[in-house]
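One structure is given here, and the rest of the page talks about it.
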Amino acid sequence: MPELPEVETTVRGLERVLKGRKLVRVEPRRPDLRRALPPDLGQRLTGARVTDLGRRAKYGTISTDRGDTLVFHLGMSGKWRIDPAELDKHDHFVIETDEGRRLALNDARRFGSLDLVPTDELAAWPAFAALGPEPMDLTARELQRKLAGRNAAIKLLLLDQSIVAGLGNIYVCEALYRAGIHPRRPGGSVSLARLERLVVAIKEVLAEAIEAGGSTLRDYAAPNGELGYFSKAFAVYDREGKPCSCGGTVKRIVQGGRSTFYCPRCQR
DNA sequence: AGATATTCCTGGAGGC
DNA sequence: TGCCTCCAGGAATATC
């Protein structure tokens, strides 16, 4: 269930193993994840040297000296396993470096994706071109402009990657809680002052999550490759019926087919 | 154009 | 214990 902080943590972990390394073996172990993999993926990556790693929204990028960038999305269950003792049935893509390190992209539910894009065309790549600003670059003014006239619930609009790119269900719930905004409030009805609070809340909750991820990088790099969510207790997410610090009770509703958790006393 | 529903997939949880 | 249903998640796609 990786959102932006988990992808950021993943990229930082991969960077330590991959940056500057040559890929001596590249093995797609099935032809597709969510979509078909590029048929020449193995051929185009084998023998290439990794120059850079990066992140855009919830996508990770691995660029090579051949002018290609491998773009991965972890979907909901994806994770990279570092030096797994043995491969399991959900290790769908495996690469090996000239130092003998092995990385396996494991994705039980296969909602993830792998694409190979010319590095100089990345910004124009359709999936990237459709993305809104990175949350860390977001301003209240810009958010206000994007929400103007929109009647849909603020919760749903914040999940729209063209409005702001990288937020998922968990951090949207947490950010709205911190900003004191009711998840059902129409997007266009949130005042600039409250959007200011919201933008600060988004940046803070993501920064804290990345910080927590950084502190668990050791675990991430362990043979089992597990990468947990920001494991500090969430204030509202998955806490239906439990107490809020205000004395109220966390409530769960369904919006757009997915759960929203919020405190009816704190969020208006 | 905006809003809403559906689709992909598997494992884990809970009910009986 | 086993079988069934339901649910979680992100984003593309379809339909109103």
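Here is the naming used below: chain letters follow the sequence lines, and residue numbers restart at 1 for every chain. All values reported here derive from a predicted model rather than from experimental measurement.
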If you check the A:Y59 side chain, which of B:dT10, C:dA12, B:dC8 turns out closest? C:dA12
What is the distance, rounded to the nearest whole Å, between atom CZ of A:R252 and atom C1' of C:dC7? 9 Å
Is it true that the side chains of A:R101 and A:T97 contain a donor and an acceptor less than 3.5 Å apart? no
Taking side-chain hydrogen bond (donor to acceptor under 3.5 Å, both in side chains) as the criterion, tell me which of A:K155, A:E3, A:E174 meets it with A:N169. A:K155
Can you figure out which of C:dA11, B:dA3, B:dG11 approaches the side chain of A:A152 most closely? B:dA3
For A:L74 and C:dG10, give me the distance from atom CG to atom P, rounded to whole Å. 12 Å
Classify A:S259 by what it touches in the nucleic acid, base, sugar-phosphate, or nothing, heavy-atom distance under 4.0 Å. sugar-phosphate
Rounded to whole Å, please give me the gap between CG in A:L156 and P in B:dA3. 9 Å
Of the nucleotides B:dA3, B:dG11, C:dA11, which one has an atom closest to the side chain of A:R258? C:dA11
Over 12 non-hydrogen atoms of neighbours within 6.0 angstrom of NZ in A:K203: yes
Taking A:Q267 for its side chain and A:H182 for its backbone only, find out whether a donor-acceptor pair lies under 3.5 Å. no
Counting the atoms with a prime plus P, OP1 and OP2 as sugar-phosphate, which does A:R30 contact under 4.0 Å by heavy atoms, base, sugar-phosphate, or nothing? nothing
On the nucleotide B:dT10, are OP1 or OP2 found under 4.0 Å from the side-chain N or O atoms that A:K89 carries? no
How many Å lie between CG on A:D88 and C1' on B:dG11, as a whole number? 13 Å
C:dG10, B:dA3, C:dA8: which one has an atom nearest the side-chain heavy atoms of A:N151? B:dA3
Over how many whole Å does the gap from A:L147 atom CG to B:dG2 atom P extend? 12 Å
Between A:Y59 and A:F72, is the ring centre distance below 6.0 Å? no
What is the distance, to the nearest angstrom, from the CG atom on A:D160 to the P atom on B:dG2? 10 Å
Indicate, with a heavy-atom threshold strictly under 4.0 Å, whether A:R110 touches base, sugar-phosphate, or nothing. sugar-phosphate
Checking all strands, does A:R35 fall into the base, sugar-phosphate, or nothing category for heavy-atom contacts under 4.0 angstrom? nothing
Identify which nucleotide among B:dC9, C:dA11, B:dG2 has an atom closest to any side-chain atom of A:H73, counting heavy atoms from C-beta outward. C:dA11
